[in-house]
Amino acid sequence: MGDGGGGSDANAGESVKLFVGQVPKSMTEAQLLAMFREVALVDEVNIIKDKLSKASRGCCFVICPSRQEADKAISACHNKRTLPGAASPLQVKYADGELERLEHKLFVGMLPKTVSEAEVSDLFSKYGNIRDLQILRGSQQTSKGCAFLKYETKDQAISAIEALNGKHRMEGSTVPLVVKWADTEKERQARRAQKAQSQSPNMQVSDSAHQASIFGAMPMGFIPPYNGYSYQAPGAFGLLQYPLPAMQNQPGFHNIVPAVNQGAALRGLQYPIAYPGGVIGHTPLTSAPGSVSPAPVNNSSSPNIKTSSTQVEGIRSGTEH
């Protein structure tokens, strides 16, 4: 950002932190300090070390007494000087958040979409000299309702925050302004990552049968898994209301319950079904738990029921009526 000259005097008394990469791990802080002092005034050098091993991570912070001296170090070394033992030239730049702090950069939100730079400048110039003002706009040059502005001094920026943030509402807006220090690059990256994560699918779509069973219904054609005793669907209600025998043991006609294991098959029965020799109604069973009292079966005393063709035709005609 090329705001060099205008802000150098205002920032003359503020120390500046630079980040330096591509530093040989064998170099000491004294050696680095001597090297940087060849091109600019430098107060100190702090090598960034691994927390566990305490070994150099190949980078350091350089503290300069002013932004003017920091700019000298950047101009002389960044991408221009390769130290012995390094694979690439030095990378020298402002540490994260330093430019925003030095430029007294503010973010202004909740601006009316129709507001102009002149109107914003008139309001904020009451608290200091504005060095730069930019309303953020979209691809069609329409305002996004926010802006960045820079003051000459830190005190001016603080005065604007205290006077306007959450307290002043511009004409054409229904909410007060948001006035705060501009985010650092690290904060912007974190916010972008969080936004991307919130927009990506963070949970898989659950099984349709499971969803339907929670609301008491099953999708058409859905057949729940057989667990050896009954058919069980996933969901909050567990077993279906009427357990059924295995599919391979079903007789040729689906509405006839086989004689084998009749008690287990009829315990949970709530709806009328066709049965050889009669129909079992939906009247609730009043006998003791575990016992079954089916409707009387005509002419069928043997446990092994054989259905004749005449009986089958009778059952068919009964169900059709």
Exercise. Show your working on side-chain contact (heavy atoms from CB on, under 4.5 Å) between Glu38 and Arg81 and close with a plain yes or no.
Key: CA-CA 13 Å; Glu38 294 175 3; Arg81 185 168 181 177; 3.5 Å; yes
Quiz item: What pair of heavy atoms forms the shortest contact from Glu162 to Lys167, and how long is it?
Solution: O-NZ, 2.8 Å
Quiz item: Donor-acceptor pair, Lys80 side chain versus Ser75 backbone, under 3.5 Å?
Solution: yes
Quiz item: Any chance CZ of Arg137 has more than 12 other-residue heavy atoms, nucleotides or ligands included, within less than 6.0 Å?
Solution: yes
Quiz item: Where do Cys77 and Val92 come nearest, in terms of heavy atoms and distance?
Solution: CB-CG2, 3.9 Å
Quiz item: Can any side-chain N or O of Glu98 pair as donor or acceptor with the backbone N or O of Ala95 at less than 3.5 Å?
Solution: no
Exercise. Before giving the answer on side-chain contact (heavy atoms from CB on, under 4.5 Å), spell out for Ser159 and Lys126 the whole-Å C-alpha distance, their side-chain angles and the decisive distance to 0.1 Å.
Key: CA-CA 10 Å; Ser159 297; Lys126 298 176 182 178; over 6 Å; no
Exercise. Quick one: do Met35 and Leu90 satisfy side-chain contact (heavy atoms from CB on, under 4.5 Å)? Show the steps, please.
Key: CA-CA 12 Å; Met35 186 271 294; Leu90 285 170; 3.9 Å; yes
Exercise. Test Gln91 against His78 for side-chain contact (heavy atoms from CB on, under 4.5 Å), laying out the working first.
Key: CA-CA 5 Å; Gln91 300 297 302; His78 179 64; 3.3 Å; yes
Self-check item: Linked, directly or transitively: Phe107 and Leu149 (ILVMFWY side chains, under 4.5 Å)
Solution: no
Quiz prompt | Pair Tyr94, Asp71: side-chain N/O donor-acceptor within cut-off below 3.5 Å | solution = yes
Self-check item: Reported NE2-to-CG distance for the pair His104 and Asn129, which is rounded to 0.5 angstrom
Solution: 11.5 Å
Quiz item: What are the two closest non-hydrogen atoms of Val16 and Ala70, and how far apart are they?
Solution: CG1-CB, 3.8 Å
Quiz item: Okay, side chain of Arg131, backbone of Glu152: is any donor-acceptor separation there less than 3.5 Å?
Solution: no
Quiz prompt | Closest contact, heavy atoms only, Glu69 versus Ala40 | solution = O-CB, 3.4 Å
Quiz item: In terms of ring plane angle, is the pair Phe124 and Tyr151 parallel, tilted or perpendicular, where the classes change at 30° and 60°?
Solution: tilted
Quiz item: Are Val179 and Trp181 in one and the same hydrophobic cluster, where Ile, Leu, Val, Met, Phe, Trp and Tyr link if side-chain heavy atoms are under 4.5 Å apart?
Solution: yes
Quiz prompt | Heavy atoms of other groups near Lys93 NZ, more than 12 under 6.0 Å | solution = no
Quiz item: Which pair of non-hydrogen atoms, one from Thr28 and one from Ile47, has the smallest distance, and what is that distance?
Solution: C-CD1, 3.8 Å
Quiz item: About how many Å separate CD1 of Ile158 and OG1 of Thr153, when rounded to the nearest 0.5 Å?
Solution: 8.5 Å
Quiz prompt | Ionic contact status for Lys154 with Glu14, cut-off 4.0 Å | solution = no
Practice problem: First locate atom NE2 of His168, then atom OG of Ser173, and finally report the distance between them rounded to the nearest 0.5 Å. | Solution: 9.5 Å
Exercise. State whether the side chain of Ser198 and the backbone N or O of Lys195 hold a donor-acceptor pair below 3.5 Å, judged by distance alone.
Key: yes
Self-check item: Verify same cluster id: Ile161, Leu102 (apolar side-chain graph, 4.5 Å)
Solution: no
Quiz prompt | Cluster check Phe148, Leu133: I/L/V/M/F/W/Y, side chain < 4.5 angstrom | solution = no
Quiz item: How long is the gap from CD1 on Ile135 to OG on Ser143, to the nearest 0.5 Å?
Solution: 5.5 Å
Self-check item: Straight-line distance of Glu100 CD to Lys150 NZ, nearest 0.5 Å
Solution: 9.0 Å
Quiz item: What pair of heavy atoms forms the shortest contact from Ala73 to Leu18, and how long is it?
Solution: CB-CD1, 3.9 Å
Practice problem: Take atom CE of Met110 as the centre, draw a 6.0 Å sphere, and report whether it contains more than 12 heavy atoms from other residues, nucleotides or ligands. | Solution: no
Practice problem: Would you sort out whether Arg67 and Glu103 count as a salt bridge (charged side-chain N to carboxylate O under 4.0 Å, His left out), showing the intermediate values? | Solution: CA-CA 10 Å; Arg67 183 171 180 179; Glu103 295 177 346; 3.3 Å; yes
Quiz item: Side chains of Met170 and Val108: does their closest heavy-atom pair fall under 4.5 Å?
Solution: no
Quiz item: Do Leu32 and Leu83 have side chains that get closer than 4.5 Å, going by heavy atoms?
Solution: yes
Quiz item: For the hydrophobic clusters of this structure (ILVMFWY residues joined by side-chain heavy atoms under 4.5 Å, transitively), does one cluster hold both Val178 and Leu123?
Solution: no
Quiz item: In Å, rounded to the nearest 0.5 Å, how long is the span from CG of Leu111 to CD of Glu117?
Solution: 10.0 Å
